[in-house]
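Protein chains get the first letters and strands the later ones, always in sequence-line order, with residue 1 at the start of each. Here the structure is a predicted model, which means the values were calculated and not measured.
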Number of protein chains: 2
Amino acid sequence: MKIQELAEKTGFTAYTIRFYEKEGLFDSRHVRREDNNYRNYSDEAIERLRLIKKFQSMGCSLVELKDVLQDVNESKRTNEQMIEWIQHKISEVEQKKDEYDQILGTLNWMLTYRTALMNDPQKADAMLAAFKHSNAGH
Amino acid sequence: MKIQELAEKTGFTAYTIRFYEKEGLFDSRHVRREDNNYRNYSDEAIERLRLIKKFQSMGCSLVELKDVLQDVNESKRTNEQMIEWIQHKISEVEQKKDEYDQILGTLNWMLTYRTALMNDPQKADAMLAAFKHSNAGH
DNA sequence: GTAAACTATAGAGTGTACTCTAAGGCAAGC
DNA sequence: GCTTGCCTTAGAGTACACTCTATAGTTTAC
């Protein structure tokens, strides 16, 4: 498929897809050139972009991704290094999930507070006081 | 407390803390000036920075944060708008958590694959084949 | 066969969030 | 009183991830 089609199928712009190629995030499994020099993408390119999106959302830089997504055969890293990296990422993601639970707690507090502010100002004051008190002991 | 102390207590640099002030993320609850023009931070500044860190890790920009963290009294947004924003953020965080579960799935697959590559190459091949097959039906 | 719509490249520009430099003032220890 | 180190500011510089412009070639529809 051509670049515009890939862009539409993945939600990236054609600009971005070319940029990712320049950054070394694709190889011959994903793109080849036609006789007219147009890029021809395989279905694996879709998978690759989905994977990039996933890893990016967990805070991976493009440089890090480039390293990690390389084919096993041509990777600079040994298999042991890769396993180490994956384990590290797994614990990072698990930590992020915990953080998100904390954030949910904060957001729910804010929601309750803002709702009280409208319906029950006295309760809102009490919440604020309780919050300040809970932070007094660190 | 002075800026260096706040920096050490929160893990931000003094540069960043001043930068955040320029961006309007603090108010008189958090910083005041001494006679010598030095910034004097309250304990609330620590809380504020922790909150900034949290919200930032869920993809909030500093501009968005500025809006949201403003005191109820001087906020540009109505309470209703704030409640809407909070609810929106809550569903965003819940979605992110789901995404992270997916990523954990991917990472665990990668870990199993890489381990197999060392100990049981036949299994690794089978995994790769199964993976490609699972993507054939979208 | 020509206009519109797509493709290509190199390289410039943008937005976000820092990060640092330069030049000067203030504070604490010797 | 002087050095060392922290504080101040304005503004420059950096890193990252795009995002677009200019220019040119190719394909498609009429």
*So, is B:Y20 near the phosphate of C:dC18, with a side-chain N or O under 4.0 Å from OP1 or OP2?*
yes
_Approximate separation, where rounding is to 0.5 Å, of B:T115 OG1 and B:K123 NZ_ = 8.0 Å
*For B:L62 and C:dT16, what is the distance between atoms CG and P respectively, to the nearest whole Å?*
9 Å
*What's the CG-P distance between A:N40 and C:dT7, to the nearest Å?*
12 Å
*Going by atom types only, do B:T106 and A:K54 share a side-chain donor-acceptor pair under 3.5 Å?*
yes
*Which of parallel (below 30°), tilted (30 to 60°) and perpendicular (above 60°) describes B:Y100 and A:Y100?*
parallel
*Starting at the 5' end of DNA chain C and moving along, which residue's nearest nucleotide shows up first, B:Y15 or B:K2?*
B:Y15
_Heavy atoms only, 4.0 Å cut-off, all strands: where does B:T13 land among base, sugar-phosphate and nothing?_
nothing
_Nearest-angstrom distance from the residue atom CD of A:Q4 to P of C:dA8_ = 10 Å
_Phosphate-side-chain proximity, A:Y38 and D:dG25, N/O vs OP1/OP2 below 4.0 Å_ = no
*Once you round it to whole Å, what is the distance between P of D:dT23 and CG of A:N37?*
20 Å
*Aromatic rings A:Y20 and A:F12: how do their planes relate, parallel, tilted or perpendicular, breaks at 30° and 60°?*
perpendicular
*Can you check whether A:R33 has a side-chain N or O nearer than 4.0 Å to OP1 or OP2 of C:dT9?*
yes
*Let me know the distance between CD of A:E23 and C1' of D:dA15, rounded to the nearest Å.*
12 Å
*In whole Å, what is the span from the CG atom of A:L6 to the P atom of C:dC6?*
16 Å
*asked:* If we count only N and O atoms by modelled type, under 3.5 Å, do the side chains of A:R32 and A:N40 hold a donor and an acceptor together?
replied: no
*C:dT7 OP1/OP2 closer than 4.0 Å to side-chain N/O of A:R39*: no
*asked:* Does B:F12 reach a base, just sugar-phosphate, or nothing at all? Heavy atoms under 4.0 Å.
replied: nothing
*What is the distance, rounded to the nearest whole Å, between atom CD1 of A:I17 and atom P of C:dC6?*
15 Å
_N/O (side chain, A:N36) to phosphate O (OP1/OP2, D:dT27) under 4.0 Å_ = yes
*Check the distance between C:dG15's P and A:F19's CZ and give it to me in whole angstrom.*
17 Å
*The side chain of B:I3 lies closest to which of these nucleotides: D:dC7, D:dA17, C:dC20?*
D:dC7
*Is there a side-chain polar atom (N or O) of B:Q56 under 4.0 Å from OP1 or OP2 of C:dC18?*
yes
